[in-house]
Undergrad: 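Quick one: the structure is below, questions incoming.
These numbers come from the heavy atoms of this one structure, side chains and all, not from hydrogens, waters or symmetry mates. Naming: A, B, ... by sequence-line order, numbering from 1 per chain. From a predicted model like this one, the values you see are computed outputs, not experimental measurements.
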There are 2 protein chains.
Amino acid sequence: MRSVGSAATGPAPSDATARARIRDAAIELFGRDGYAAASVRAIAEAGGASPALVLHHFGSKEGLRRACDEHVVAELFGMNSRVLADGASDDTATLRRTIGELLAHAAQLRPMIDYLGRMLVDPGPTADALFDALVEQSADMIRAGVADGQMHEPGDLDVTALLVTLHGLSNLVLQRQVARRLGGELLSPAVIARLTLPTLELYTRGLYADERVLDAARAALADPTRADRHPTDPQSTDERTPGP
Amino acid sequence: MRSVGSAATGPAPSDATARARIRDAAIELFGRDGYAAASVRAIAEAGGASPALVLHHFGSKEGLRRACDEHVVAELFGMNSRVLADGASDDTATLRRTIGELLAHAAQLRPMIDYLGRMLVDPGPTADALFDALVEQSADMIRAGVADGQMHEPGDLDVTALLVTLHGLSNLVLQRQVARRLGGELLSPAVIARLTLPTLELYTRGLYADERVLDAARAALADPTRADRHPTDPQSTDERTPGP
DNA sequence: CAGCAGACTAAACGATCGTTCAGCCAATCG
DNA sequence: CGATTGGCTGAACGATCGTTTAGTCTGCTG
């Protein structure tokens with residue numbers, strides 16, 4: 001199992017090369033404060049180096065951002081594939097091992113998750129490609145689930161994959177709010193335990209007890225006399241869930 | 001119907017008082033570029049004023065942020081309540097009217113939605129209270145839905161309300177990605193039409209065809225020999241949806 | 001009419017930003 | 001051994017940042 005970092009139980013931040021220390025510090029600060037608000041000087045200090053060394057290694061602040069993008073994508077995206085694969089197993093031992101590994105690396109994962117959230121919100125060079133890849137992963141997962149009868153066949157696979165990706169990412173992008181509401185870090189055992197069942201409940205039973213809303217929306221969409229051009233959509237602005 | 005702005009069909013940006021023009025320009029730029037990356041000078045220019053006037057009216061850049069927070073929260077949150085209420089109606093005419101109004105004000109809404117997304121990601125003074133209020137609204141909606149039998153009774157209402165809020169906000173926070181993938185603005189008729197049915201499908205049928213995953217997770221959570229402290233959770237890191 | 005108040009601006013302040021430059025130090029190599 | 005390279009630093013550059021200051025103009029009030 002190639003683990004989260006090339007150094008899994010990993011060298012303390014003071015060990016690695018200065019280049020790696022600067023990159024990790026940049027991921028931490030970019031993720032916490034955003035790209036614009038994190039200064040080269042602050043990153044250099046957090047990495048135990050001089051501002052000049054930062055630019056010596058990465059050319060410019062933008063070059064540093066690209067290096068962080070690449071590193072975070074490589075680490076998290078590789079892990080995502082593996083977790084998705086392992087998570088597809090109904091072997092509870094495999095599940096438990098995967099989650100255990102996640103929790104064990106929580107400290108190293110959290111800055112990268114913060115960074116990923118920023119990537120997807122700020123317009124960045126790598127963010128769009130990453131998002132597309134995640135949507136494609138979701139689509140593959142749904143296709144596989146449908147193929148062996150474990151999932152419903154969605155009416156619109158592309159959009160459903162998009163929605164599933166969005167919903168999954170919302171935990172990461174709004175991690176601060178999740179952690180605050182649930183009283184612990186996102187990757188803490190307590191928070192994960194609290195989230196697991198309601199999430200799966202939502203994904204297996206849905207929210208609505210019957211198909212009334214769905215049918216009503218279908219009818220409204222087919223209705224040629226509809227308001228502007230179409231009706232009922234729950235999450236369009238700040239509305240999040242439809243009434244019945 | 002108190003509409004989106006105190007000026008619904010609204011005065012062109014050049015009409016309003018300079019204070020309002022500056023505030024609107026700030027919402028636009030804060031939302032598009034983030035708080036740190038949007039300079040007072042750029043905001044002043046976009047609002048057709050001098051940088052000094054910005055601080056004359058709002059005291060400081062942080063004061064301007066507070067004014068924007070208040071304004072956006074008042075506009076969007078009020079509208080959210082109304083839309084949630086109207087959306088709870090099974091009268092298709094009401095639904096159509098609500099959506100039509102949303103679309104009509106899309107141009108005025110979009111900057112505020114961008115701003116709201118930034119608010120929730122950056123640590124800001126108002127963001128936490130707003131998020132809590134949204135979760136509470138979701139909880140109320142679920143309670144009402146359960147009361148009249150339109151929704152399932154969730155095992156953990158608080159967490160389910162949190163999840164529903166997160167999922168709904170993901171469309172707004174990651175609006176850029178949604179718009180890019182679906183080839184149009186989030187509040188455009190085409191995008192809304194494309195999103196509506198898959199969203200409701202997910203909320204009424206769920207993703208999984210049976211309760212296998214849910215049962216497995218329940219068993220694993222109860223299992224005392226679980227990995228670190230608990231098992232199976234789908235969305236913990238960058239994993240978004242569980243395989244069965 | 002004088003006088004005051006508030007909207008508004010041009011110019012400048014100090015701080016901080018990203019970046020550059022000249023040079024030090026240690027390891028490598030011929 | 002001397003020469004060279006690359007990691008690394010301190011000091012400084014110009015640009016831009018948020019903010020302040022002094023002052024102008026407009027419209028109201030006594």
Undergrad: Check the phosphate of D:dG7 against A:H56, side-chain N and O only, distance under 4.0 Å to OP1 or OP2. Yes or no?
TA: yes
Undergrad: Which nucleotide in the set C:dC17, D:dG10, D:dG18 lies at the smallest distance from any side-chain heavy atom of B:V40?
TA: D:dG18
Undergrad: Applying a 4.0 Å non-hydrogen cut-off, can you work out what B:A38 is touching in the nucleic acid: base, sugar-phosphate, or nothing?
TA: sugar-phosphate
Undergrad: Could you give the CG-to-C1' distance, from A:D33 to C:dC17, as a whole number of Å?
TA: 15 Å
Undergrad: Just the rounded figure in Å: distance from C1' of D:dC8 to CZ of A:F58.
TA: 14 Å
Undergrad: Would you list the pairs meeting side-chain hydrogen bond (donor to acceptor under 3.5 Å, both in side chains) in which at least one residue belongs to residues 110-124 of chain B, sequence neighbours left out?
TA: A:R118-B:D122, A:D122-B:R118, B:D69-B:Y115, B:D114-B:Q175
Undergrad: Check every strand shown and say whether B:R19 touches a base, only sugar-phosphate, or nothing at a heavy-atom separation below 4.0 Å.
TA: nothing
Undergrad: Could you tell me the separation between the CG atom of A:L29 and the P atom of C:dG18, rounded to a whole number of Å?
TA: 12 Å
Undergrad: Name the closest nucleotide to the A:R41 side chain, picking from C:dA7, C:dC17, D:dG10.
TA: C:dC17
Undergrad: Nearest to the side chain of A:S60 - D:dT19, C:dT19, D:dT9?
TA: C:dT19
Undergrad: Rounded to the nearest Å, what distance is computed from the CG atom of residue A:L55 to the P atom of nucleotide D:dA11?
TA: 18 Å
Undergrad: Of all the nucleotides listed (C:dT19, C:dT9, D:dG18), which has the minimum atom distance to the side chain of B:K61?
TA: D:dG18
Undergrad: Mind calculating the distance between CZ (A:R23) and P (D:dG7) to the nearest angstrom?
TA: 15 Å
Undergrad: Report yes or no: is the cationic atom of A:K61 (NZ for Lys, CZ for Arg) under 6.0 Å from the centre of the six-membered ring of A:F30, at an angle within 45° of the ring normal?
TA: no
Undergrad: For the pair made of CG in A:L53 and P in C:dG18, what is the distance, rounded to whole Å?
TA: 16 Å
Undergrad: Taking side chain as C-beta onward, heavy atoms only, is B:L76 less than 4.5 Å from B:L109?
TA: yes
Undergrad: Identify, with sequence neighbours excluded, every residue that meets side chain to side chain donor-acceptor pair (under 3.5 Å) alongside A:E28.
TA: none
Undergrad: Which part of the nucleic acid, if any, lies within contact of B:A37, taking any heavy atom under 4.0 Å across all strands shown: a base, the sugar-phosphate backbone alone, or nothing?
TA: nothing
Undergrad: Taking CD1 from B:I43 and P from D:dT19, how many angstroms apart are they, rounded to a whole number?
TA: 11 Å
Undergrad: Any chance you could measure B:T196, atom OG1, to A:D156, atom CG, to the nearest 0.5 Å?
TA: 11.5 Å
Undergrad: Given C:dC17, is OP1 or OP2 found less than 4.0 Å from the side-chain N or O atoms of A:S39?
TA: yes
Undergrad: Atom OH of A:Y35 and atom P of C:dC17: how far apart are they, to the nearest Å?
TA: 14 Å
Undergrad: Looking at A:H57, I'd like to know whether one of its side-chain N or O atoms comes within less than 4.0 Å of OP1 or OP2 on D:dC8.
TA: yes
